[in-house]
Amino acid sequence: MINKKINFFKFFPLLIFFLLILIAFVALQKYDRESLPSVLIGKSPPPLVLENLGSYDLVSKKDLDSIKENKIRLVNFWASWCPPCRVEHPQLERLSELENVELYGVNYKDKKNSALNFLKEYGNPFLKIGTDQSGRNAIEWGVYGVPETFAIDQEGRVLFRHAGPITKEIMKTKFYKFINQ
């Protein structure tokens, strides 16, 4: 009978590998992709320094300051080249029809003609709009990618942000609780 000694150090890298996989699996289960943090929550948003988009009225800092009316202002970063922006567009049109909502658009790193054609084809839900050709405004607002929407209260503070397209479900669960106050 041959007596073989088992060398546990040979199995140590394999044990570490499986431990890392287990940690990654647990971390992914707890990750909430809906809650991307924003340092702007509760603060005044950075000023928007935008260029005109065609003959549409331009969004200004004054549009986002405190107001007397009981309205929520939504600032939506979008682009014509963005497929999810097309998905959310019907919801933006519904939001723009509500009495206590003012919807402003920031066209992000887009060709002006493409953006204008997008609005011509799908409709313009925005009260005012501007284009962010350099992407500097998006950086200052902490935008991860388009579409992304920020809600601003009557005092001119950011209430929340939503990264990704606004679907019917998200409108019900996230936006209506702020809008129907």
Side-chain angles (χ1 to χ4, degrees), residues 1-50 64 72-95 103-111 114-115 118 121-122 125-126 130-153 157-181:
M1 192 155 143
I2 300 174
N3 192 2
K4 287 189 176 180
K5 258 188 171 175
I6 299 175
N7 188 351
F8 287 105
F9 289 108
K10 286 183 181 179
F11 295 105
F12 191 68
L14 190 60
L15 179 66
I16 296 293
F17 175 74
F18 284 117
L19 184 63
L20 288 174
I21 287 177
L22 179 66
I23 291 170
F25 180 76
V26 170
L28 286 173
Q29 296 301 316
K30 292 184 178 185
Y31 176 69
D32 182 10
R33 62 187 175 100
E34 293 294 319
S35 65
L36 291 173
S38 174
V39 296
L40 296 178
I41 304 298
K43 299 179 183 175
S44 296
L48 288 169
V49 182
L50 304 170
L64 306 180
I72 297 293
R73 278 83 45 88
L74 299 176
V75 178
N76 180 259
F77 286 80
W78 66 280
S80 65
W81 47 261
C82 161
C85 295
R86 295 172 194 271
V87 170
E88 83 169 351
H89 204 76
Q91 280 65 251
L92 293 179
E93 288 185 320
R94 286 184 192 94
L95 286 168
L103 181 59
Y104 299 101
V106 179
N107 181 248
Y108 175 74
K109 288 190 174 186
D110 207 349
K111 294 178 183 171
S114 298
F118 179 94
E121 181 179 346
Y122 293 98
F126 305 111
T131 183
D132 184 14
Q133 292 291 317
S134 68
R136 185 73 202 156
N137 291 279
I139 290 170
E140 290 182 15
W141 281 62
V143 171
Y144 286 84
V146 290
E148 197 159 318
T149 306
F150 293 82
I152 300 170
D153 67 10
R157 296 180 309 230
V158 177
L159 284 172
F160 75 94
R161 70 182 276 265
H162 174 72
I166 300 169
T167 62
K168 289 178 184 178
E169 183 64 29
I170 288 170
M171 267 182 61
K172 289 177 192 172
T173 60
K174 215 171 189 182
F175 283 82
Y176 284 153
K177 70 176 160 182
F178 290 102
I179 293 169
N180 295 327
Q181 293 181 9

Item to check | Asn76 (side chain) donor-acceptor with Leu92 (main chain) under 3.5 angstrom | outcome: no
Checklist entry - What about Phe77 and Tyr144, are their ring centers closer than 6.0 Å? => result no
Checklist outcome for this item: Contacts of Arg94 meeting side-chain contact (heavy atoms from CB on, under 4.5 Å) (sequence neighbours excluded), chain-then-number -> Pro90, Gln91, Lys168, Met171
Next on the checklist: Within the structure provided, determine whether Pro45 and Val75 are in side-chain contact (heavy-atom separation under 4.5 Å).
Outcome noted: no
Checklist entry - When you measure from the side chain of Asp110 to the backbone N and O of Ala79, does any donor-acceptor pair fall under 3.5 Å? => result no
Item to check | Test item: Val158 and Ile41 side chains (from C-beta on) under 4.5 Å apart, heavy atoms | outcome: yes
Checklist outcome for this item: One should read off an interatomic distance between Glu121 CD and His89 NE2, to the nearest 0.5 angstrom, of 9.5 Å
Checklist entry - Between the side chain of Glu88 and the main-chain N/O of Ile166, is any donor-acceptor distance below 3.5 Å? => result yes
Item to check | Intermediate values then yes/no, side chain to side chain donor-acceptor pair (under 3.5 Å), Glu169 and Thr167 | outcome: CA-CA 5 Å; Glu169 183 64 29; Thr167 62; over 6 Å; no
Next on the checklist: Keeping Trp141 on the side-chain end and Pro46 on the backbone end, is there a donor-acceptor pair under 3.5 Å?
Outcome noted: yes
Checklist entry - So how far is it from Leu103 CG to Leu95 CG, rounded to the nearest 0.5 Å? => result 6.5 Å
Next on the checklist: Parallel, tilted or perpendicular: which one describes the rings of Tyr108 and Trp81, with boundaries at 30° and 60°?
Outcome noted: tilted
Next on the checklist: As a quick check of understanding, evaluate side-chain contact (heavy atoms from CB on, under 4.5 Å) for Leu40 and Arg161, giving each step before the final call.
Outcome noted: CA-CA 9 Å; Leu40 296 178; Arg161 70 182 276 265; over 6 Å; no
Next on the checklist: Rounded to the nearest 0.5 Å, what separates atom CZ in Phe118 from atom SG in Cys82?
Outcome noted: 8.0 Å
Item to check | Check: Asn107 side chain, Ala115 main-chain N or O, donor-acceptor pair, under 3.5 Å | outcome: no
Next on the checklist: For a quick test of reading the model, state the closest non-hydrogen atom pair linking His162 to Lys174 and the distance between them.
Outcome noted: ND1-NZ, 3.1 Å
Item to check | Shortest non-hydrogen contact between Ile170 and Pro165, atoms and distance | outcome: CD1-O, 3.6 Å
Checklist entry - Atom CG of Asp153 and atom CD1 of Ile72: how far apart are they, to the nearest 0.5 Å? => result 6.0 Å
Item to check | Donor-acceptor side-chain pairing of Arg73 and Tyr104 below 3.5 angstrom | outcome: no
Checklist entry - So, Glu148 side chain and Gly164 main chain: donor-acceptor pair closer than 3.5 Å or not? => result no
